[in-house]
Amino acid sequence: MNFDQARFSRDDVYEPLLSEKDSTTVEVDADGVLPDDLTRDELTLPGLSEPQLARHYTRLSQMNYSVELGPYPLGSCTMKYNPSFTEDVAGDARAAVHPDRSDRTVQGTLGLLHGLQEHLADIGGMDAVTLQPPAGAAGEFTGILIAKAYHEARDDDRSEIIIPASAHGTNFASAAMAGYDVVELPSDEDGRVDIEALDAAISEETAALMLTNPNTLGLFERDIVEIADMVHEAGGLLYYDGANFNALLGRARPGDMGFDIMHYNVHKTFATPHGGGGPGAGPVGVVEELAEYLPSPMVRETAAGYEQYEPESSIGKVHGFAGNWLVLVKAYAYIARLGDEGLADASAKAVLNANYLASQIDLDVPYGPFHHEFAATSGDRDAADVAKRMLDYGVHPPTTKWPELVPEAMLTEPTEVEDKASLDDLAHAFNAAYADSDEALETAPSKTSARRIDQVSAARNPRLSWQSLGDEE
Amino acid sequence: MTAGNGRRVGSPYAPHTDADEAAMLDAIGVDSVEDLFDIPADVRFDDEFGIDSTDERELRQSLADLFARNEELTEFLGRGHHAHYVPALVDDLSRRSEFLTSYTQYQPEIAQGFLQVLFEYQSMLVELTGLPVANCSMYDAATALAEAALLANRLRRGASGHRVLVPEHLHEGRLGVLENYLDGADMEIGEYPMDDGAVDVDALSDLVDDETVMVYAESPTVRGVIEERLADIGDIAHENDALFCLGSDVVALSLLQEPASVGADVVVGEAGALGIGSAYGMGLGIFATREEYLRQVPGRLVGVSEDSEDMRAFTLTLQTREQHIRKERATSNICTNQAWVALRTAMHIAWLGPDRLVGVAKDAVTEARDLAERLDDLSGVKAPVHDRHHFREFVVYTDQPAPAITNDLAGRGFAVHALDDHHIQVCITEANADAADEFVAAFEEVA
């Protein structure tokens, strides 16, 4: 495998900015439209022809890696193949409706949302699901608001959320945004929740424990039933972070493990066009006792058709409208395409691939056995350097230096969409990069459109717009 | 693996052959895939969901059947979610897999294309707002407003309290989101009154005090009114050491007063008005602010740097503000954002160019004015209710019951929004302007 990126060079830039190709200033003439003092004087933007734009964006696309070019084994990010099909159906013109349409006139849209609510509830072992949160972190925040509403309704004032040290950073940020103090939980020597430490951390201040299972080392929390009992006995709730749910599809359900609230990263677990950073969607599932607190509106089926309603003690809104509709359509189509057999097979192959790849690389892989991902360590070599060198072997590298539990971690998640040959290529990239000279590592990458980028100077001297570049000249 | 009918059993996107699988299991040293699942027996799931695997052709048909249950209506709906015509170029190029199926640009050397697009998007927002710092997307206008309030609260400046002032006419979705985001920060929301659809500036002046961290105003408002005293509102906020946050959208910003010129410290709102069309409320949040608040900005920022050959290159920057580094002390929990929608919006703005973008915005004023005048001529109808300049939309009074009129219009192929017993809101852009004649005729029949 030898993936080379395009490199369009003209002087000291790879591809000129739109503003460098053209900058047109138009006088904004309000004559006859609005009084002059209500309008701006002028507007400056590029004014290019469509063919010029087509070339610009096509060239830029050729300077970008994607999962359709090769493996994208970013641990905990779950980047798998994006079916063309789901993209296609999301673009159905009949589904492009405004959110203020009356329920009666959008039975198709509401039918899909209802169907997705039901499917997600079944797959997670939950009783009710909201589709409104527009991303996983928004789902976390929603889930914690639900926990808060539940405790407040019982006049039970609790101030703390317990989170394992290895959890996603969003867990901490979401808990803090909801007004909670975070209690960080150390891991056991086998990489899992330290039961004794948990016992010490739990108190009548515990509103919830947020847990990722399998955790960010790819390890299943085997003591999950005991953990759930401990949290529940203390009056707290158990929250499931769905980032790693791809490993469990059809094999185990958070609801059956004792989780009360979960979010689904539908852009990771189901259809997966991550769009260079979004949009995603972070539906939240809850057990029956918490269903009354879900955001409004929810969709239900009645004899007369589908209708929207507000749950009895709803926390209200977490998105201005109904969330990220297009992402939800893709998730629904993906689930319907795979069905029971496909979902269970996806988790089976994801787990097979992770364990096979772990067995083929020369780096140390502590802990185990693994589910969908593993954290290898590059030991005395810098993980970020090894990752940059892997780019030269034609693959996207894994997540580096996280979780902190493993020194120089390379958190790798191949997902189910790689075949054996592709995994062998990935293993080769790992092993070859790991064995390369210091010089090769420090000067990598050399086959990408840009060479090693100085990220420190970008932060020290922020230039965040083409206008700021103009100032320098 | 295939079943007897030739259909693949299992995930259609898992490429393993039986021989591969056997070789991989052998290399791992286990007998079956099941041996790899380290799940205690008491929490294993052995049941079925009852979801049938469906082949692509059948599923396409069943989804088409489902969506056909949506009535085909020409929408004259707005109130925060606006549809402008999206050019084919946007659909075509944004769906190139190098954009669509890429991840967040944590390895910038291999993601220069998307990083440059996001940098260009930020730059377009800088031009439209006049503020020097724009992030490369929030979820939507509602969450962006909430993030602005949290930013104002972190700054606090001279304020002794935690109050945000918002107009009494604020979209219920935006108000609801704001309430949820502010709850955890122990902040409170105060509403100031409106006068004939615009900010009652004197009343606002009386309400702003040293408890106030931010004053929020919108132009156009949720009723489509263009505010005429934005600079006065900014002055009132600043005299009380509060931030002035202005809500707008990318089309309106191209025509209306530049936010920086009226004293805006933060601009939020919808950028999805260009790029995605009607997507059941899916949006793209704007967030722009002053240089001095740079390190308080939520979300992602793309900056310029150089690579080892001294060539200009782009990278995510100032990541120490973000949750994956700062955890509970981050400026926001936002991680996955709306990057691909931002790409589409940037493409749409570039496709229009400054001339046509301003043209679309002017049309939003003239089309709304013309339609209001035509409805106003109908018996029992007054439009617009507010004697103001409007952008895209306006409120209509009807002496007939508004819900019945809305219903009758739906029967004639048009969707409008009933505000209450006698008020209807109507929105027009170039996307539905061709249907204006038939809409007026239908309105005349039902009003």
Side-chain angles (χ1 to χ4, degrees), chain A residues 13 26 40 43 45 47 57 60-61 63-68 82 94-96 98-100 105 107-108 122 134-135 137 169 172-174 176 178-179 182 220 257 273 275-278 280 316-317 320-322 325 339 342 345-346 348-349 356 416 419-420 448 450-453 458 463 465-466, chain B residues 10-11 14-15 20 24 28 33 38 43 49 51-53 66-67 69-71 75 77 93 96-98 100-102 104 108-110 112-114 123 126 139-140 142 173 176-177 184 258 278 280-282 303-305 307-308 312-313 317 323-324 327-328 330 333 335-337 339-340 353-354:
Chain A
V13 296
V26 298
R40 60 193 301 146
L43 179 67
L45 284 170
Y57 289 112
L60 290 182
S61 76
M63 296 166 69
N64 215 72
Y65 190 82
S66 79
V67 77
E68 290 188 18
N82 172 61
R94 293 292 290 261
H98 191 283
D100 285 345
T105 67
Q107 286 295 299
D122 286 344
F172 300 85
S174 298
V182 173
F220 193 87
M257 299 176 209
K317 300 283 293 176
F321 293 99
W325 160 256
D345 190 50
K349 297 298 174 7
Y356 175 70
E416 70 273 17
D419 62 8
K420 180 172 176 297
T448 46
R451 304 299 188 245
R452 184 78 68 102
I453 294 171
R463 290 164 289 167
S465 65
W466 61 48
Chain B
S11 167
D20 281 350
M24 290 163 73
I28 299 165
V33 173
D38 185 27
V43 295
F49 307 129
I51 306 170
D52 289 331
S53 306
L66 180 64
F67 290 142
R69 296 182 62 191
N70 283 349
E71 290 179 23
E75 295 169 344
L77 295 164
L93 291 177
R96 282 188 68 97
S97 71
E98 299 92 332
L100 184 66
T101 76
S102 62
T104 302
E109 293 85 0
I110 204 163
Q112 285 298 296
F114 214 126
S123 305
V126 167
Y139 306 129
D140 70 343
V177 170
E258 193 178 59
S278 276
Y280 207 59
M282 181 165 163
V304 164
S305 188
D307 70 8
S308 56
R312 183 176 71 198
T317 194
Q323 26 46 53
H324 64 276
K327 296 166 94 169
E328 70 267 34
N333 73 336
C335 182
T336 293
N337 51 39
W340 183 73

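So that the names make sense, note that chain A is the first sequence line, chain B the second, and so on, each numbered from 1.
- In terms of heavy atoms, B:Ala14 sits closest to A:Lys349 at CB-CG, 3.8 Å.
- A:Glu68 and B:Ser97 make their closest contact through OE1-CB, 3.1 Å (heavy atoms, listed as atom of the first residue, atom of the second, distance).
- Interface residue B:Thr317: only side-chain heavy atoms are found under 4.5 Å from chain A.
- With respect to chain A, the highest number of heavy-atom pairs below 4.5 Å among B:Arg96, B:Glu258, B:Glu71 belongs to B:Glu71.
- A donor-acceptor distance shorter than 3.5 angstrom exists from the side chain of B:Ser123 to the backbone of A:Trp466, with no hydrogens or angles considered.
- Chain B forms the most heavy-atom pairs under 4.5 Å with one residue out of A:Ala348, A:Pro99, A:Ala137, A:Ala450, and that residue is A:Pro99.
- A:Asp122 meets the side-chain hydrogen bond (donor to acceptor under 3.5 Å, both in side chains) test with no other residue; sequence neighbours excluded.
- Using a 4.5 Å cut-off between heavy atoms, B:Asp52 contacts chain A through its backbone alone, with no side-chain atom that close.
- For chain A, the nearby parts of B:Val126 are the backbone and the side chain; heavy atoms of each come within less than 4.5 Å.
- Looking at B:Glu75, its side chain does come within 3.5 Å of a backbone N or O of A:His98 through a donor-acceptor pair.
- One distance of note links CZ of A:Phe172 with NZ of B:Lys327; it measures 3.5 Å at 0.5 Å rounding.
- We find the CG-OH distance between B:Leu93 and A:Tyr57 to be 9.0 Å, quoted to the nearest 0.5 Å.
- Counting heavy-atom pairs closer than 4.5 Å to chain A, the top-ranked of the candidates B:Ser102, B:Cys335, B:Ala142 is B:Ser102.
- Both the backbone and the side chain of A:Ala95 come within contact range of chain B, judged by heavy atoms closer than 4.5 Å.
- Between chain B and the options A:Arg40, A:Lys317, A:Gln107, heavy-atom pairs under 4.5 Å are most frequent for A:Arg40.
- Side-chain contact between A:Ile453 and B:Gln112: present, with at least one pair of heavy atoms (C-beta onward) separated by less than 4.5 Å.
- With chain A as the partner, the residue from B:Gly353, B:Gly303, B:Ala330, B:Ser305 showing the most heavy-atom pairs under 4.5 Å is B:Ser305.
- In terms of non-hydrogen atom pairs under 4.5 Å with chain B, the most contact-rich of A:Gly280, A:Ala322, A:Gly47, A:Gly169 is A:Gly169.
- In this structure, CD on B:Glu109 lies 10.5 Å from CZ on A:Arg451, to the nearest 0.5 angstrom.
- In this structure a side-chain-to-backbone donor-acceptor pair under 3.5 Å is missing from A:Asp419 to B:Pro15.
- Contact count against chain A (heavy-atom pairs under 4.5 Å) is highest for B:Pro354 among B:Pro354, B:Ala339, B:Gly176.
- Note that the CD1 atom of B:Ile110 and the CG atom of A:Asn64 stand 8.5 Å from one another [nearest 0.5 Å].
- Taking B:Tyr280, B:Phe67, B:Tyr139 one by one and counting their heavy-atom pairs under 4.5 Å with chain A, the maximum is reached by B:Tyr280.
- Partners of A:Glu416 under the side-chain hydrogen bond (donor to acceptor under 3.5 Å, both in side chains) rule, at least two apart in sequence or in another chain, are A:Lys80, A:Asn246.
- Judged by distance alone, the side chain of B:Asn333 and the main-chain N or O of A:Ala173 form no donor-acceptor pair under 3.5 Å.
- Between the side chain of A:Asn82 and the backbone N or O of B:Thr101, no donor-acceptor pair lies under 3.5 Å.
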